[in-house]
Amino acid sequence: MNTMKRNSFALSLILAIGVIDIHVQSAGAQTVPLNTAARQMFMEGRDLFDDGKFVEAEKKFRDALAKYPKADKADQTAYYRIK
């Protein structure tokens, strides 16, 4: 019986780790198409910024952060929005 409890515990632990791993992977960055769209918005905002169109650039950065808050470029987008 002791071996059965140990095997049951080990199986439960393996299952729990698998569920946690799946959850952590899905909570990460957004999907590739969404990251591509977010990157495009960032680049458009940066081009506006570089051209001195600060109001339009801030709006583009704000929209990108609202639409893609977990995108790969979110930190750079936030930086440029603040700048």
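What you see below is based on every heavy atom in this structure, not just the backbone, and it leaves out hydrogens, waters and symmetry mates.
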(request) Nearest 0.5 Å please: distance from the NZ atom of Lys70 over to the CG atom of Leu34. (result) 12.0 Å

(message) Which residues end up grouped with Phe49 if you chain together Ile, Leu, Val, Met, Phe, Trp and Tyr wherever their side-chain heavy atoms are less than 4.5 Å apart?
(response) Phe42, Met43, Phe54, Phe61, Tyr79, Tyr80

(message) Looking at every heavy atom in both Ala38 and Ala71, which two are closest together, and how far apart are they?
(response) CB-CB, 3.4 Å

(message) For Asn35, is there any backbone N or O sitting under 3.5 Å from a side-chain donor or acceptor partner on Asp72?
(response) no

(message) For Glu56, give me all partners under side chain to side chain donor-acceptor pair (under 3.5 Å), at least two apart in sequence or on another chain.
(response) none

(message) According to salt bridge (charged side-chain N to carboxylate O under 4.0 Å, His left out), who are the partners of Arg46, at least two apart in sequence or on a separate chain?
(response) none

(request) Over all heavy atoms of both residues, which pair between Ala78 and Leu65 is shortest? Give the atoms and the distance, please. (result) CA-CD1, 3.7 Å

(request) Can you sort out the partners of Asp63 under side chain to side chain contact (heavy atoms under 4.5 Å, CB included), two or more places apart, ordered by chain and number? (result) Met41, Lys59

(request) Please round to the nearest 0.5 Å and tell me the distance separating atom NZ of Lys53 and atom CG of Asp47. (result) 10.0 Å

(request) List for me each residue that meets side chain to side chain donor-acceptor pair (under 3.5 Å) alongside Arg39, sequence neighbours excluded, and say none if there are none. (result) none

